[in-house]
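I have placed the structure first, in the form of structure tokens, so that the comments after it can refer back to it.
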Amino acid sequence: MDGIGLRIKELRKNLKLNQIEFSKRVGVTNAHISAIEKGKTVPSSALIKLISKEFNVSEDWLTYGTDSDAIETLELEYEMEDRICDIVSRMNHIRTRDNTPIRSRVVQLEDLFVNILDFGLEEDAVKESYYDICYKLFYHINSYVSFHKQALEQQQPHIFPFPDDLIEILKKDIQEFESFFNKELGLE
């Protein structure tokens with residue numbers, strides 16, 4: 001099997017596409033893609049360019065196998081898609097409970113979460129800084145909640161105070177959050 005055929009097959013599998021879906025996206029027959037993957041034919045330079053553009057992979061990687069960053073990026077994107085689907089599924093599961101107050105609270109929490117994350121600025125660097133700060137805050141809250149969940153699972157339902165060190169970390173994160181907004185609003 002030809003190296004380019006292996007790379008095209010690897011790309012297609014990482015994209016979770018069958019040969020028919022892949023071939024439709026690049027405008028060739030699935031028989032042609034099959035022949036390429038089996039090494040029976042070599043794709044034209046035009047097809048290589050089209051595959052590269054359509055699936056955002058390097059022509060060098062497709063042709064020579066020299067750029068693995070594209071596949072790693074695709075794998076990360078699909079891993080993230082899987083995580084997003086899992087989160088949505090878990091939220092939907094909670095939302096389908098018979099208890100109306102629980103469903104109502106879940107919807108309110110989702111709304112708050114979306115409002116927090118919908119920052120609205122267009123600059124990616126600014127958004128990235130904002131999301132980093134949000135991640136820190138949510139991470140600390142999650143750590144505390146996870147600690148309590150574990151205590152409940154072990155049937156040790158005690159209300160533990162927020163640990164002092166965690167309070168200090170949260171204070172620093174909140175100060176960073178305030179500083180970020182002051183900077184973005186031009187108040188600093």
Nonpolar side-chain network containing I84, other nodes, edges under 4.5 Å: M80, V88
Which residues end up grouped with Y139 if you chain together Ile, Leu, Val, Met, Phe, Trp and Tyr wherever their side-chain heavy atoms are less than 4.5 Å apart? Y135
ILVMFWY cluster, L170 and F181 together (side-chain gap under 4.5 Å):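 Result: yes, single cluster for both.
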Under 4.5 Å between side-chain heavy atoms, hopping through other hydrophobics if needed: is there a path connecting I20 to V28?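 Cluster IDs for I20 and V28 differ.
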Which pair of non-hydrogen atoms, one from [X] and one from [Y], has the smallest distance, and what is that distance?
{"X": "P43", "Y": "I36", "answer": "CB-CD1, 3.7 Å"}
{"X": "I169", "Y": "H140", "answer": "CG2-NE2, 2.9 Å"}
{"X": "V57", "Y": "I51", "answer": "CG2-O, 4.2 Å"}
{"X": "F55", "Y": "L17", "answer": "CE2-CD1, 3.8 Å"}
{"X": "V106", "Y": "M91", "answer": "CG1-CE, 3.6 Å"}

Determine which pairs satisfy salt bridge (Lys or Arg N to Asp or Glu O under 4.0 Å) with at least one residue from residues 81-90, sequence neighbours left out, and list them in order.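 Found K16-D82, D86-R90.
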Could you give all pairs that pass the salt bridge (Lys or Arg N to Asp or Glu O under 4.0 Å) test and reach residues 46-57, with sequence neighbours left out?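 Of all non-adjacent pairs touching residues 46-57, those that pass salt bridge (Lys or Arg N to Asp or Glu O under 4.0 Å) are R25-E54, K49-E59.
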Could you check whether any side-chain heavy atom of [X] comes within less than 4.5 Å of a side-chain heavy atom of [Y], counting everything from C-beta outward?
{"X": "S52", "Y": "W61", "result": "no"}
{"X": "Y131", "Y": "K127", "result": "yes"}
{"X": "V26", "Y": "L47", "result": "yes"}

Look up atom [atom1] in [X] and atom [atom2] in [Y], then write down how far apart they are to the nearest 0.5 Å.
{"X": "N18", "Y": "K13", "atom1": "CG", "atom2": "NZ", "result": "9.5 Å"}
{"X": "I4", "Y": "L62", "atom1": "CD1", "atom2": "CG", "result": "6.0 Å"}
{"X": "I174", "Y": "L137", "atom1": "CD1", "atom2": "CG", "result": "6.0 Å"}
{"X": "K38", "Y": "I33", "atom1": "NZ", "atom2": "CD1", "result": "12.5 Å"}
{"X": "K172", "Y": "S179", "atom1": "NZ", "atom2": "OG", "result": "14.5 Å"}
{"X": "E178", "Y": "I133", "atom1": "CD", "atom2": "CD1", "result": "10.5 Å"}

For Q108, which residues count as a side-chain contact (heavy atoms from CB on, under 4.5 Å) partner, sequence neighbours excluded? S104, R105
Let me see the working for E176 and K136 under side chain to side chain contact (heavy atoms under 4.5 Å, CB included), right down to the final yes or no. CA-CA 10 Å; E176 182 182 356; K136 287 179 191 175; 3.1 Å; yes
Do other residues, nucleotides or ligands put more than 12 heavy atoms under 6.0 Å from the CZ atom of F138? yes
Hey, are R7 and E10 close enough for a salt bridge, meaning a charged N less than 4.0 Å from a carboxylate O?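 No salt bridge links R7 with E10.
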Decide, yes or no, whether a salt bridge links E21 with R12 under the criterion of side-chain N to carboxylate O below 4.0 Å.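 Looking at R12 together with E21, the answer is no, because their closest N to O distance does not fall below 4.0 Å.
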Hey, does the side chain of S23 reach the backbone of Q19 with a donor-acceptor pair shorter than 3.5 angstrom? yes
Please set out all donor-acceptor pairs under 3.5 angstrom arising from side-chain atoms of residues 111-119, sequence neighbours excluded.
{"from": "N115", "atom 1": "ND2", "to": "D111", "atom 2": "O", "distance (Å)": "3.3"}

